[in-house]
Structures are given as C-alpha cells and as structure tokens.
Amino acid sequence: MIYIKTPEEIELSREACRLVSLTLAEVAKWVKPGETTLRLDTIAREFILDNGGKPACLGYHGFPGTLCIEVNETVVHGFPSSYTLREGDIVGTDCVAELNGFNGDMCYTFAVGDIDPKIEQLLAVTKESLYKGIHAAKGGKRVGDISNAVQTYCERHGYSVVREMCGHGIGKSMHEDPEVPNYGRRGIGPVLKPGMLICIEPMINLGSKNIVIERDGWTCRTRDRKPSAHFEHTILITPEEPEVLTSFEPIEQEILACGGKIYGRAPREIAE
Ligand code: MF3
Ligand code: CO
C-alpha cells in the first residue's frame, strides 16, 4: 500500500527532514580522529530531543542507537560504540528523526581527516549516484528507473551495489511501500506519483557486492572487508524533478568550516 501524502502531511514531513538534516550537521562537528561513535550518537540524540523530535531508530526492533554507524567495511546498521575514529576512516551516520508524527531519514558518509584517494572516489561516486537516482524520480516514471540510474552509474565506475538492502517509502512509519532497490531494470516497478515520499539510499561497495551480518544480528559488513559508502535523502515526488526534503548543505557547511573536504560534484552538475 503506497500512501499519497496530503499537503499538510508533506509540510510536517518537511519539518522532520529539516530536523534530521540539522542533526547530522551537528554530528559533522564531532567527526574527527579521537572521538568515539558513541559520542556522535549522543550528540544526535540530544539534538533531536532538544528540538522536540524523537530519535526513531532508538529502540526500533531493539536497535540500540539514534544513529546507525557505518565505519569503513560496515555497510549499514552498525551500533554506536567505544570505537575511536582514526584518520583515514570513513563513517556513515544514518539517522531517522520523527517530528509531529512524521519521519525524516537520511545518511551521510564522512571522511575522518585525510583518506585514501580510492575511497575519496568511492564517496564521490556514491553521492553522485544518489543524485542520479533522484534525477530519475520524476512523476510518472517507475521505481525501476531510479534503481537502474543508481546501478548504472556505480557499476560504470567499477563499484558494486549491495542487493539485500533497499530504499523505501516513508511517512508516519519509517519504512513504507514501495521498496526502492539500488539495482534493477528501467520501466519496472510501481509508478511514481506526485505526493509520494520515498528514501533513496545507495549502499555501494569498493569490492564485491557480498555482505555478511555479524553475530549481533544487525551489523552488516562487506564480506571482503573492503569499504562501503552510503548516502540517503528523503524526497517528494512531484510532476517534474522531485523535491529533496533532507539536505546535505548544512552538513557540508560544517565540514568546510572544520577544514574538511567535500567529495563529488554538486547536484546541479549531475546531468543525465
Ligand atoms: N535509517 C535506516 C534506513 O535507511 C533504518 C535504520 S534501521 C534501524 O532505512 F533499525 F536502525 F532503525
Ligand atoms: Co532509509
């Protein structure tokens, strides 16, 4: 069942998306060598609560954090922990904030200090593939058009697409229909209709596409232990180009203010 949101519901979702974007901008200030991932989680939880929201991942099917923490070979669903970030690491922070009964969901993969140029390129291409997917998500197109755009772009650069995890619809629940895979054929799957809210979230591996789930039942890592990157936006389907409700802008402003680098071309430069 795919829900088409009312204008009022879209407005509430916009606010939830704004909150989660500002939350990760707060987290961005703390991504540096010597900080633990638990510290990042605390920053995010307190920021969401201080702003009247609810950390939606915390307690979701027993998940123990506000953030899913994705260090290096971790693909998704890692726990915040005493792990101390080191120069050269990458760390994805995936966050869902609930506000006024609606959810905003996004993920950003940060570089900790200077990273290997090969991994810089993985971050750039993964983020760009998200915008390729967004560009393909015009009203009247199908989910498969998004999937194919992401897959084609990543594989053209020699990376592999994780199969087991997908993007999704979002609203009052953090996961609604439809599923939005990051691989597949054009022209298949549900039609994208104005008023749908979906999350697109490429999970892209430097090596092979295979993953394993750790014995904690959650942490998903690459089987070959090579790095994996993950970026996610919540978007609104419209008759034309979708509206991106979450934003990397406040995050990237913080990264630049802290002397860090931004990888990947700007969304408007990413044409067909
Ligand atoms: N934010 C994740 C997603 O993109 C979901 C997190 S699952 C949870 O779908 F259990 F950690 F909440
Ligand atoms: Co998501």
Side-chain angles (χ1 to χ4, degrees), residues 2-3 5 13 16-24 27 37-38 40-42 44-45 47-49 53-71 74-81 91-99 102-110 126-127 129-131 133-134 137 143 146-147 150 161-183 196-205 211 213-214 216-221 228-237 242 244-248 251:
I2 301 179
Y3 297 101
K5 273 70 180 182
S13 297
C17 288
R18 194 175 120 80
L19 174 57
V20 74
S21 305
L22 295 177
T23 302
L24 290 193
V27 167
T37 60
L38 202 52
L40 305 183
D41 193 69
T42 302
R45 185 181 63 247
F47 189 86
I48 292 171
L49 291 171
K54 190 180 153 227
C57 291
L58 190 58
Y60 181 84
H61 294 288
F63 189 78
T66 292
L67 300 176
C68 297
I69 296 286
E70 307 159 351
V71 178
T74 300
V75 178
V76 288
H77 300 164
F79 296 170
S81 74
V91 59
T93 59
D94 186 352
C95 188
V96 187
E98 188 189 313
L99 188 66
F102 285 83
N103 290 279
D105 182 0
M106 73 189 299
C107 179
Y108 195 90
T109 302
F110 295 94
T126 303
K127 193 169 76 174
S129 80
L130 167 57
Y131 288 106
I134 291 170
V143 167
I146 301 173
S147 307
V150 172
V161 175
V162 172
R163 299 299 202 265
E164 290 82 349
M165 255 77 60
C166 293
H168 49 91
I170 189 166
K172 287 183 182 165
S173 304
M174 88 163 85
H175 294 137
E176 297 185 358
D177 289 340
E179 276 200 340
V180 184
N182 296 302
Y183 67 98
M196 283 171 53
L197 290 175
I198 62 168
C199 296
I200 305 179
E201 50 178 317
M203 288 149 266
I204 305 301
N205 296 351
I211 57 146
I213 308 288
E214 300 278 13
D216 59 22
W218 281 96
T219 309
C220 168
R221 66 162 169 87
S228 182
H230 183 199
F231 289 89
E232 174 175 19
H233 273 313
T234 300
I235 69 169
L236 168 67
I237 305 302
V244 184
L245 300 191
T246 46
S247 174
F248 293 158
I251 299 171

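One-based numbering, in listed order, for ligands and for the atoms of each.
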Pairwise side-chain contact, Cys68 with Trp218, heavy-atom cut-off 4.5 Å (strictly under) = no
request  = May I ask you to decide if Val96's main-chain N or O and Asp105's side chain share a donor-acceptor pair within less than 3.5 Å?
outcome  = no
key: side chain to side chain donor-acceptor pair (under 3.5 Å) against Arg18, all qualifying residues, sequence neighbours excluded   = none
remark   = Rounded to the nearest 0.5 angstrom, the CG-CD1 distance for Leu197 and Ile2 is 12.0 Å
message = With rounding to the nearest 0.5 angstrom, report the CG to CE distance, Leu24 to Met106.
response = 5.0 Å
query = Mind checking what makes side chain to side chain donor-acceptor pair (under 3.5 Å) contact with Asn205, not counting sequence neighbours?
reply = Ser228
query = For ligand 1, what are the residues with a heavy-atom contact below 4.0 Å?
reply = Cys57, Tyr60, Phe63, Cys68, His77, Asp94, Val96, Asp105, His168, Met174, His175, Glu201, Trp218, Glu232
query = Nearest 0.5 Å, what's the CD1-OG1 distance between Ile204 and Thr109?
reply = 10.5 Å
request  = State, with a plain yes or no, whether a side-chain heavy atom of Cys199 is found less than 4.5 Å away from one of Ile170.
outcome  = yes
note = Protein N/O/S atoms closer than 2.8 Å to the Co ion (ligand 2), ordered by chain and number, come to Asp105 OD2, His168 NE2, Glu201 OE2, Glu232 OE2
task = Walk me through it: do Phe110 and Leu40 pass the test side-chain contact (heavy atoms from CB on, under 4.5 Å)?
result = CA-CA 12 Å; Phe110 295 94; Leu40 305 183; over 6 Å; no
